[in-house]
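Here's the structure we're looking at; comments come further down.
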Amino acid sequence: MTTIDRRAALRTGAGLVAAGGLSAACTPSGAVPHPEHARAPGTPRTAGTQNPAGTPGAPGTPTSPAPSSTPGGPATPRRFPGRPPQIEHGPRTRPRVALTFHGNGDPGTAHALLAEAERHGARLTVLAVGTWLDEHPALARRVLDGGHDLGNHTQHHVGVNDLPEREAYAEIADCAHRLTRLTGSIGTWFRPSRASRASPLVERLARRAGYPHVLSYDVDSLDFTEPGAAAVTRTVLDRIQPGSIVSLHFGYADTVAALPAVLEELDRRGLTAVTATELIR
């Protein structure tokens, strides 16, 4: 990428921050804390906020099991024999990595990041929040049409590990229903919201909803702390290795600005960014 192109990416990211409405991030145990939902002053809460009691789709609302995908339709969750229920990384012996994005926040950042990845021939994995899909339904097909993986990141982006069983299952199944309605599939992966790993209960509930594995990660970009594009780039590149699964987020201008440099360095190291499904199989 030329200096002019890189400056353009930075300007794009800055403009997206000015627009406000950035997403809440997922903080694993012991990680840097973050606000529940970063947003412009006076902007009402959207994704990440529970619906009022009794509203269809609110946590705790009785929900039927997530339906299966249409035969011959979009990709569905796969069971990988020999792999643990919670997958943190792929094989270390192949020059591949998976860049995974939590789907929430300003859709402009999503379009910018998807377009940049495609310019480099990279394929991403997007774990979408159900309420975000409700607000921006066209993004589900945009992700799939670009050759990327699309998965489930709960319906309301709450701390799913802390919920009682009924509400936790509703969070997983309600998002699965959104994905099925929009794409014909429950998606390829589940990742718990506000945690790097699922609790034993949530792991079991995810299997019940149709997800044989929980997709975790071994590299946290910490982009949700908004440390600046250079810091995001440095954090990812210092920790990434063959087989790594990287946690990143839509909704942050630092991530938009950092991605070109990350992809260029991966190319230089001979590492290919593939979907999580391609990484693990």
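Along the sequence shown, residues carry numbers from 1. We use all heavy atoms of the structure for the numbers below, so side chains are in, but hydrogens, waters and symmetry mates are not.
To the nearest 0.5 Å, atom CG of residue Asp149 and atom CG of residue Leu127 are 9.0 Å apart. One distance of note links CZ of Arg96 with CG of Leu271; it measures 11.5 Å at 0.5 Å rounding. For the atom pair OG1 (Thr277) and CZ (Arg78), the distance works out to 7.0 Å, reported to the nearest 0.5 Å. The distance from the OG1 atom of Thr131 to the CZ atom of Arg178 is 8.5 Å, given to the nearest 0.5 Å. Taken to the nearest 0.5 Å, the CD atom of Glu88 stands 10.0 Å off from the OH atom of Tyr217. Between Leu237 atom CG and Ser221 atom OG the span is 11.0 Å, to the nearest 0.5 Å.
Val202 approaches Ala168 most closely through the heavy-atom pair CG2-CB, 4.5 Å. Minimum heavy-atom separation, Pro192 to Val214: CD-CG1, 3.6 Å. When all heavy atoms of Leu201 and Leu163 are compared, the closest pair comes out as CD2-O, 4.3 Å. Here the shortest heavy-atom pairing between Glu203 and Pro85 reads OE2-CB, 3.2 Å. Heavy atoms only, all atoms of each residue included: Arg207 and Pro212 are closest at CG-O, 4.1 Å. Across all non-hydrogen atoms, the minimal contact from Gly251 to Thr109 is N-OG1, 2.7 Å.
Inspection of the Thr255 and His249 side chains reveals no N or O donor paired with an N or O acceptor under 3.5 Å. No donor-acceptor contact under 3.5 angstrom links the side chains of Trp189 and Asn152, judged on distance only. Side-chain N/O atoms of His213 and Gln86 include no donor and acceptor closer than 3.5 Å. Between the side chains of His148 and Arg142, no donor-acceptor pair is found at a separation under 3.5 Å.
Annotation: side chain of Glu118 is not in contact with side chain of Arg123 (no heavy-atom distance under 4.5 Å). With contacts defined as side-chain heavy-atom distances shorter than 4.5 Å, the pair Leu179/Leu150 qualifies. The shortest distance between side-chain heavy atoms of Tyr211 and Ile186 falls below 4.5 Å. Contact of the Pro260 side chain with the Glu116 side chain is registered, since non-hydrogen atoms from C-beta on lie closer than 4.5 Å. With contacts defined as side-chain heavy-atom distances shorter than 4.5 Å, the pair Pro227/Asp254 qualifies. Taking the side chain as every heavy atom from C-beta outward, Trp132 and Leu139 approach each other to under 4.5 Å. With a 4.5 Å cut-off on side-chain heavy atoms, Leu124 and Thr275 do not count as touching. For the pair Thr76 and Ser185, the minimum side-chain heavy-atom distance is below 4.5 Å.
In this structure, Arg234 has no side-chain hydrogen bond (donor to acceptor under 3.5 Å, both in side chains) partners at least two apart in sequence or on a different chain. Not counting sequence neighbours, Arg94 has no partner by the side-chain hydrogen bond (donor to acceptor under 3.5 Å, both in side chains) test.
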Check against side chain to side chain donor-acceptor pair (under 3.5 Å), Thr100 and Arg191 = CA-CA 10 Å; Thr100 67; Arg191 174 175 289 167; 2.9 Å; yes

Audit row: Leu113, Phe250, side chain to side chain contact (heavy atoms under 4.5 Å, CB included) steps and yes/no | CA-CA 8 Å; Leu113 288 160; Phe250 289 164; 3.5 Å; yes

Steps toward side chain to side chain contact (heavy atoms under 4.5 Å, CB included) verdict (Val160, Ser193) = CA-CA 6 Å; Val160 67; Ser193 47; 3.9 Å; yes

Apply salt bridge (Lys or Arg N to Asp or Glu O under 4.0 Å) to Arg269 and Glu265, showing your working.
-> CA-CA 6 Å; Arg269 296 183 189 181; Glu265 179 60 17; 2.9 Å; yes

Quick one: do Leu263 and Leu99 satisfy side chain to side chain contact (heavy atoms under 4.5 Å, CB included)? Show the steps, please.
-> CA-CA 10 Å; Leu263 292 173; Leu99 304 181; 3.9 Å; yes

Test side chain to side chain contact (heavy atoms under 4.5 Å, CB included) on Glu165 and Leu205 and set out the steps.
-> CA-CA 8 Å; Glu165 180 172 350; Leu205 296 176; 3.9 Å; yes

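Panel note: side chain Asn161, backbone Arg197; a donor-acceptor pair is recorded below 3.5 Å. Under a 3.5 Å cut-off, the side chain of Thr233 and the backbone N or O of Ala261 do not form any donor-acceptor pair. In this structure, the side chain of Thr125 engages the main chain of Ala276 through a donor-acceptor pair within 3.5 Å.
Partner of Glu171 under the side-chain hydrogen bond (donor to acceptor under 3.5 Å, both in side chains) criterion, out of His156, His153, Gln155: His156 alone.
At least one cation-pi condition fails for Arg281 and Phe80: the charged atom is not both under 6.0 angstrom from the six-membered ring centre and inside a 45 degree cone around its axis.
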Show which side-chain atoms of residues 238-245 pair as donor or acceptor with protein atoms under 3.5 Å away, not counting sequence neighbours.
| unit_1 | atom_1 | unit_2 | atom_2 | d |
| --- | --- | --- | --- | --- |
| Arg239 | NH1 | Asp220 | O | 3.4 |
| Ser244 | OG | Arg92 | NH1 | 3.4 |
| Ser244 | OG | Asp218 | OD2 | 3.0 |
| Ser244 | OG | Gln241 | N | 3.1 |
| Ser244 | OG | Gln241 | O | 3.1 |

